[in-house]
2 protein chains.
Amino acid sequence: MARTVLDRADAVRALAGVFRKRGFESGSLSVIQQETGLGRGSLYHFFPEGKADMARAVLGHVSEWFEERIFAPLRTGENTESADAAVDAMCRETVAYFVSRESVCLFAAMTLGQERDTFAEAVRGYFTDWVDALATALRRRGLTDEEAASRALDAVAAIQGGLILARAYGDDATFERIVDRTRQHLLAPAPR
Amino acid sequence: MARTVLDRADAVRALAGVFRKRGFESGSLSVIQQETGLGRGSLYHFFPEGKADMARAVLGHVSEWFEERIFAPLRTGENTESADAAVDAMCRETVAYFVSRESVCLFAAMTLGQERDTFAEAVRGYFTDWVDALATALRRRGLTDEEAASRALDAVAAIQGGLILARAYGDDATFERIVDRTRQHLLAPAPR
DNA sequence: GTCTATACAGCGATAGAC
DNA sequence: GTCTATCGCTGTATAGAC
């Protein structure tokens with residue numbers, strides 16, 4: 001990678017790539033240096049607290065992306081049509097996002113390993129935000145609170161499990177099929 | 001832990017616990033030593049190739065457990081009743097297994113990090129065995145090949161995603177509810 | 001703001017006594 | 001079969017020149 005990374009935002013993007021590929025704990029500073037093109041000095045200039053700072057920044061960046069592109073659209077709007085569209089968009093955006101990012105969800109990755117606790121709150125927030133936003137959209141489609149909450153939780157679980165299978169099989173198509181069936185299930189009529 | 005671990009089998013069980021808690025890469029030999037009660041010498045006596053050997057042994061142990069307790073029962077038997085019972089048993093056993101093991105699936109954990117490739121084949125085998133065995137049971141219930149394969153894949157994804165949410169929420173009940181709805185979906189009548 | 005050099009702790013792995 | 005001591009390497013983090 002070229003040695004012309006200019007600002008923190010570029011650094012964060014590059015860091016996300018490294019962490020996705022090598023994991024948080026095994027993505028060493030030497031590798032980070034190589035793959036981001038920043039020297040040790042620059043890295044500690046942007047992230048004074050070191051690796052923990054880098055992880056925080058990356059998770060924050062991912063959070064923002066999902067908030068803007070997925071969660072907010074699910075929450076806004078008042079009618080059934082906009083809810084349908086938001087659920088559709090969620091599935092489309094989610095597939096595109098993860099397929100282009102090695103099928104790795106960094107928040108899910110954070111539930112493993114030894115620094116689990118360090119980011120536990122952020123991780124919980126990410127998933128509750130997703131489930132809650134999706135449930136909001138489903139309630140707009142006329143589902144009861146309970147039914148909406150169940151379907152939303154199941155959908156997020158299916159997506160996350162789909163990512164594991166995609167990595168295990170080395171096959172994006174599997175993930176896409178799982179998300180498509182999840183979409184159908186989300187948009188199915190309320191049970192009698 | 002007492003310093004009276006006698007054979008390799010005990011060592012493997014202890015190792016599995018360490019890897020579940022710390023991950024494969026960050027569970028260092030010092031920690032392994034402490035938590036298993038074996039010294040460095042003993043560890044390298046049982047696992048001459050070091051950490052890779054330990055990981056292999058642990059994954060093999062998990063594989064065997066699933067083969068005997070989950071996969072084989074799903075595959076055997078000829079009638080609908082036994083297939084229902086096997087699916088029921090799968091859900092029950094799966095919940096009990098993971099709840100008592102920090103909600104961590106070591107094969108799923110192996111799809112992340114840098115040694116992803118080392119165990120890629122074993123990981124793929126574990127998931128295809130599970131999906132195939134489950135699909136076999138569903139076909140015995142009268143589902144078409146295609147419908148059985150889809151439901152089996154979705155069920156394994158739901159379980160794996162459920163584990164992620166269980167860890168993110170620090171809450172086993174969420175996982176249990178997801179598996180219960182998965183069971184209902186697996187045993188639902190074939191679509192018209 | 002970025003570089004190189006370096007401190008020093010911890011890693012996986014091995015050797016050799018018992 | 002298990003122990004302790006130790007190797008060589010790599011890890012994160014820091015210091016100081018430019």
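Naming: A, B, ... by sequence-line order, numbering from 1 per chain.
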Atom CZ of Arg8(B) to atom P of dT2(D): distance rounded to whole Å?
13 Å

What is the distance from atom CG of Asp154(B) to atom OG1 of Thr182(B), rounded to the nearest 0.5 Å?
9.0 Å

Parallel under 30°, tilted from 30 to 60°, perpendicular over 60°: which one fits the rings of Tyr126(A) and Phe66(A)?
perpendicular

Rounded to the nearest angstrom, tell me the gap between atom CG in Leu29(B) and atom P in dG12(C).
4 Å

Rounded to whole Å, please give me the gap between CD in Gln33(A) and P in dT12(D).
10 Å

Over how many whole Å does the gap from Leu38(A) atom CG to dA13(D) atom C1' extend?
16 Å

Side chain of Ser42(B) (C-beta onward), nearest among dT2(D), dG11(D), dA13(C)
dT2(D)

Please report, rounded to the nearest Å, how far the P atom of dT12(D) is from the CE atom of Met54(A).
9 Å

So, OP1 or OP2 of dT10(D): does either fall under 4.0 Å of a side-chain N or O from Ser28(A)?
no

From the set dT2(D), dG12(C), dT4(C), return the single nucleotide nearest to any side-chain atom of Arg40(A).
dT4(C)

Contact class for Gly41(A) vs. all strands (heavy atom < 4.0 Å): base, sugar-phosphate, or nothing?
base

Thinking salt bridges, do Asp10(A) and Arg13(A) make one under a 4.0 Å N-O criterion?
yes

Take atom CG of Leu15(B) and atom P of dG12(C), then tell me their distance rounded to the nearest Å.
12 Å

Smallest heavy-atom separation, Leu165(A) atom then Ala157(B) atom, equals CD1-CB, 3.8 Å

Using heavy atoms to find the nearest nucleotide of DNA chain D for Pro48(A) and Ser26(A) separately, return the residue whose nucleotide is more 5′.
Ser26(A)

Could you tell me how far apart His45(A) (NE2) and dA13(D) (P) are, to the nearest whole angstrom?
17 Å

Calculate the interatomic distance between Tyr44(B) atom OH and dA5(D) atom P; express it in whole Å.
18 Å

Report the residues that fulfil salt bridge (charged side-chain N to carboxylate O under 4.0 Å, His left out) with Glu49(A), sequence neighbours left out, ordered by chain and then residue number.
Arg56(A)

Looking at dG11(D), I'd like to know if its phosphate oxygens (OP1 or OP2) sit under 4.0 Å from a side-chain N or O belonging to Ser30(A).
yes

